[in-house]
Amino acid sequence: MVILLLMLLCTFGGTVRGSSLPSESPWKSEVERELAPDALLVRLDRLVNVCVANYEDLTTDLLLGIAIANAQLRTILKQPLQERQRQFVESLAKKCDFVESRIESIFSFPSGANAVVSKLLIDSEFWQSKDGIDGAVPNRVRSKRSRRRRSQLLMDDPQTLMESYLEAIDAGGPSELQSDECLSELLVNESENEFNTTASPTSSSGTSAKRLILSRQCSAAMSLRKRSYGYHLTHKLLFYIVLGRERFANVDRSFVADGQRTLCEQILRESGLIAGFDYPDLFRDLFMEQVFLCAFSDAPLPEFTNPAWLAAIVSWQNGEGCFKYYAAEGDGVIGPNALTTHCSTHMTGVGAALLGLFARLQLVQ
């Protein structure tokens with residue numbers, strides 16, 4: 001397996017390259033236009049149009065990305081906008097509402113952990129910016145340990161790092177099943193069930209009185225002391241992001257923010273390695289997930305808003321408006337509709353969330 005991955009690595013990115021923007025001003029100006037919020041929203045509109053046209057075939061991965069993108073649009077609409085821009089964003093948000101509504105018919109009576117998580121997270125209201133969540137936890141001074149980790153990355157041999165990464169990427173946890181089960185523990189109280197998720201009571205101070213009760217298995221799976229890699233690591237970060245948004249009375253917000261920052265410092269090592277090898281196709285879906293989650297987290301690291309990284313990601317959107325993972329599925333695969341022919345649904349879902357987020361980060365001050 002490692003040999004196969006190395007062969008793919010050599011095919012798609014054998015030369016280590018830097019990730020900074022070239023100094024040529026015409027090229028840089030073109031990139032700036034491509035990354036402007038209106039340009040990102042047009043890209044998102046093209047992606048959403050594919051979803052509208054293929055409403056019956058949408059997957060939960062894609063729906064989650066649309067719900068998150070929709071939340072960013074709703075936050076943008078709270079800001080002063082030019083009338084033409086406002087009309088475009090409102091129209092796009094209505095399309096997202098329509099796409100998001102597909103979850104109601106997919107899971108009418110959820111029972112398994114994946115169904116519960118999908119039903120409760122595919123909801124743009126859950127992902128909207130709220131007072132006291134997005135950006136409200138101040139960044140602390142980075143520890144010497146994190147600075148040493150960053151310096152070590154620069155000194156290590158890139159080829160050796162990539163080989164070690166390929167060997168470690170499938171190790172650790174949480175697994176996808178564990179991730180769903182642990183997210184369901186965050187989203188559904190013991191006093192609730194998946195059919196009756198009423199609002200939590202509040203204390204006299206106005207804060208949530210809901211308390212977290214986490215199983216021993218999930219406490220172990222999501223422990224920051226256990227090192228994870230690849231999708232295991234991003235699944236763990238998603239858990240901490242949802243944990244922060246649930247605002248449990250017995251969970252300190254600084255603990256959650258510190259946990260997210262610790263995980264993103266680990267993810268940064270992987271993202272930098274992938275970028276250094278010129279974004280091998282094999283890792284593009286993972287890279288997009290890393291950039292989105294860490295840019296969206298409560299304590300974002302500035303490296304994850306690197307314009308060069310975003311420029312690379314938007315360049316992967318194809319003519320249909322989708323993102324596709326060609327290394328595994330092959331170019332030109334014939335399918336019955338745009339979703340199967342042109343779109344990797346998970347990658348496209350992450351792309352939707354990412355386009356919405358980076359438009360919002362520029363438009364909402």
Side-chain angles (χ1 to χ4, degrees), residues 68 121 126-154 168 172-174 178-179 181-187 200 203 205 207-273 286-287 289-306 309 353-354 357 360-361:
I68 295 173
L121 289 188
F126 180 87
W127 298 102
Q128 282 189 51
S129 299
K130 300 174 184 176
D131 293 337
I133 292 184
D134 294 333
V137 181
N139 284 319
R140 297 180 179 178
V141 177
R142 286 201 187 98
S143 66
K144 292 182 179 179
R145 184 180 67 175
S146 69
R147 290 197 293 268
R148 284 199 302 270
R149 185 185 300 128
R150 193 81 52 80
S151 300
Q152 185 63 40
L153 172 62
L154 298 177
Q178 283 178 315
S179 180
E181 290 175 343
C182 296
L183 284 172
S184 70
E185 290 189 14
L186 296 184
L187 294 165
S200 303
S203 65
S205 62
T207 59
S208 173
K210 181 169 61 175
R211 298 180 64 83
L212 174 62
I213 302 174
L214 199 63
S215 68
R216 183 177 301 176
Q217 292 82 356
C218 286
S219 294
M222 299 299 172
S223 172
L224 295 173
R225 293 189 294 272
K226 292 185 178 179
R227 190 64 188 264
S228 302
Y229 301 90
Y231 288 106
H232 300 297
L233 185 52
T234 54
H235 286 170
K236 187 178 288 187
L237 176 58
L238 177 61
F239 175 88
Y240 278 83
I241 288 174
V242 174
L243 176 62
R245 300 188 80 81
E246 285 291 83
R247 304 291 295 273
F248 291 103
N250 59 333
V251 177
D252 186 80
R253 289 183 59 214
S254 63
F255 164 78
V256 177
D258 287 346
Q260 291 179 24
R261 188 177 301 110
T262 295
L263 294 171
C264 284
E265 286 173 348
Q266 296 172 13
I267 288 172
L268 180 60
R269 183 180 178 89
E270 299 185 15
S271 302
L273 189 60
L286 173 61
F287 181 79
E289 190 168 300
Q290 292 170 336
V291 171
F292 166 71
L293 288 172
C294 284
F296 184 77
S297 69
D298 295 344
L301 300 179
E303 291 88 345
F304 287 99
T305 56
N306 181 348
W309 286 9
L354 193 145
L357 172 65
R360 192 261 289 175
L361 289 176

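All residue numbers in this chain count up from 1 along the given sequence.
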Does [X] reach the side chain of [Y], with side-chain heavy atoms less than 4.5 Å apart?
X: Gln290; Y: Trp309; result: no
X: Leu224; Y: Tyr240; result: yes
X: Ile68; Y: Leu357; result: no
X: Tyr229; Y: Gln266; result: no
X: Ser179; Y: Phe239; result: no
X: Ile241; Y: Asp298; result: no
X: Lys210; Y: Arg247; result: no
X: Ile213; Y: Phe248; result: no

Kindly list each side-chain donor-acceptor pair under 3.5 angstrom involving residues 216-223, sequence neighbours excluded, with atom names and distances?
residue: Ser219; atom: OG; partner: Ser215; partner atom: O; Å: 3.1
residue: Ser223; atom: OG; partner: Arg225; partner atom: N; Å: 3.1

Measuring from atom [atom1] of [X] to atom [atom2] of [Y], what distance do you get when rounded to the nearest 0.5 angstrom?
X: Gln260; Y: Leu293; atom1: CD; atom2: CG; result: 9.5 Å
X: Glu265; Y: Leu263; atom1: CD; atom2: CG; result: 9.5 Å
X: Leu183; Y: Leu243; atom1: CG; atom2: CG; result: 10.0 Å

Side-chain donor or acceptor of [X] paired with backbone N/O of [Y] under 3.5 Å:
X: Arg261; Y: Pro300; value: no
X: Trp127; Y: Leu121; value: yes
X: Arg245; Y: Gln128; value: yes
X: Ser297; Y: Cys294; value: yes
X: Glu185; Y: Leu214; value: no
X: Glu289; Y: Thr234; value: no

Please find the pair of heavy atoms, one from [X] and one from [Y], that lie closest to each other, and give the distance.
X: Leu237; Y: Cys264; result: CD2-SG, 3.7 Å
X: Gly173; Y: Lys236; result: O-CE, 4.0 Å
X: Phe126; Y: Val242; result: CZ-CG1, 3.9 Å
X: Ser271; Y: Phe287; result: O-CE1, 3.5 Å

| Between Phe296 and Phe292, what is the ring plane arrangement, given parallel below 30°, perpendicular above 60°, and tilted in between? | parallel

